[in-house]
Amino acid sequence: MRIATWNVNSITARLPRLTQWLESAQPDVLCLQELKVSDDAFPQQELRALGYESVVSAQGRWNGVAVLSRVGIEDPALSLPGAPAWEGAVEARAAAATCGGVRVWSLYVPNGREVGHPHYEYKLQWLAALRDAAEKFASAATPFAALGDFNIAPTDRDVHDIAEFEGSTHVTSREREALAALEAAGVSDVYPRPLKYDVPFTYWDYRQLCFPKNRGMRIDLVYGNEAFTTAVSDAYVDREARKGKGASDHAPVVVDLEL
DNA sequence: ATGACTCAGGCGCTGAGA
C-alpha cells in the first residue's frame with residue numbers, strides 16, 4: 001500500500017498538478033492540507049473519476065484538509081477531539097479515516113506566526129490535543145499514522161540554515177517538545193529518502209529562488225505507530241512535484257507499506 | 001534546467017503562509 005501526504009496550497013489552483021500526480025505516483029491513500037476551498041467547490045467528481053473517495057473538512061479561504069482513498073473509507077472523522085478554537089471557531093485542520101485497514105489522520109498544524117503571538121500558544125494547545133487524541137491509536141495493534149503539515153522542523157538539520165531561524169517559530173524547543181510528547185504516546189517519525197541532496201526537505205518558500213538553491217525545511221511529517229512503522233518498505237519526498245509552473249510550495253511525502 | 005512569491009476573495013489590495 002502507498003500512503004502519501006501533500007500540502008497543496010489550494011486544491012483549486014493545484015487540480016491539474018494533483019490529478020497528474022495521482023496518475024503518475026498511484027497512491028492508495030493521499031492526505032491533503034491547505035485545501036483553501038469551500039465544501040461546495042471541492043472537486044469530488046474529478047477525484048472520483050480517478051477512483052478516489054474523499055473525507056473532506058473544508059472552511060473556504062483558509063485551512064482545509066482531506067483524506068483521499070481508493071482502498072475504501074471507514075469511520076470518517078472531520079475534527080480532532082479536544083481541538084482548541086481560534087478566534088471562537090474550530091478550524092478545518094484534521095480529517096481521518098480507516099483506509100484498507102490503516103487508520104489515517106490528515107493534519108494541518110497551526111503555523112504559530114511569531115513566538116509570543118496568540119497563534120503560537122494556539123499551535124501548542126492544538127499539539128497537546130493531538131497528543132491526547134492520538135494516544136489510544138498509537139498503542140493499538142491496528143496500523144496508525146498521523147501525517148501532514150506539522151509546521152515544525154524536528155531538528156536543526158531539518159532547516160537549510162538554522163542561524164536564519166533564530167527566534168522564529170518552527171524550530172523552538174516548545175514546539176519540538178510537543179513532537180517529543182507525541183512520540184512518547186507511541187508513534188515515531190518515518191524519515192523519508194531525499195531524491196536529491198542530503199536532507200529530505202518538504203517545503204521551499206516561493207520567493208528568492210529557494211527551491212533551486214535548496215533553501216528548504218522538513219516540516220511535512222509522518223508519525224506511525226509500531227504496526228505502521230514495521231510495515232514501511234520505503235519512504236521518500238517527491239521533489240519532482242515541486243518543480244515548474246503551478247507547483248505547491250510543499251512536496252509530497254510518500255510511504256510504501258508491506259501489510 | 002528547478003529561476004527571483006502565491007493564493008482567495010473579489011476587482012484593489014489585504015492577510016496569510018513559514
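For clarity, every value in this text was computed on a predicted model and none was experimentally measured. In what follows, every heavy atom counts, from backbone to side chain, and hydrogens, waters and symmetry copies are set aside. Per chain, numbering begins at 1; letters A, B, ... match sequence-line order.
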| task | Locate the shortest heavy-atom distance separating A:E258 from A:S233; write the atom from each residue and the value. | result | CG-CB, 3.8 Å
At 4.0 Å (heavy atoms only), tell me whether [X] reaches a base, stays on the sugar-phosphate, or touches nothing.
X: A:R239; result: nothing
X: A:F165; result: nothing
X: A:S10; result: sugar-phosphate
X: A:K196; result: base
X: A:Y108; result: sugar-phosphate
X: A:E34; result: sugar-phosphate

Tell me which donor-acceptor pairs under 3.5 Å the side chains of residues 36-48 of chain A have, and how far apart each pair is, sequence neighbours excluded?
from	atom 1	to	atom 2	distance (Å)
A:K36	NZ	A:N9	OD1	2.8
A:S38	OG	A:A41	N	3.4

| field | Between B:dT6 (P) and A:H250 (NE2): distance, integer Å | value | 14 Å
| request: Give a yes or no on whether A:E164 atom CD has more than 12 heavy-atom contacts from other residues, nucleotides or ligands under 6.0 Å away. | output: yes
| task | By nearest nucleotide on DNA chain B, pick out whichever of A:A247 and A:M217 is the more 5' one. | result | A:A247
| said: With nearest nucleotide decided by heavy atoms, which residue, A:S38 or A:R207, maps closer to the 5′ end of DNA chain B? | reply: A:R207
| request: Report yes if a donor N or O on one partner sits less than 3.5 Å from an acceptor N or O on the other, where the partners are the side chain of A:N111 and the base of B:dA18; otherwise report no. | output: yes
| said: When you measure only distances, ignoring hydrogens and angles, does the side chain of A:K245 come within 3.5 Å of the base of B:dT2 through a donor and an acceptor? | reply: no
| query | B:dC11 and B:dG17: how far apart are their P atoms, nearest whole angstrom? | reply | 23 Å
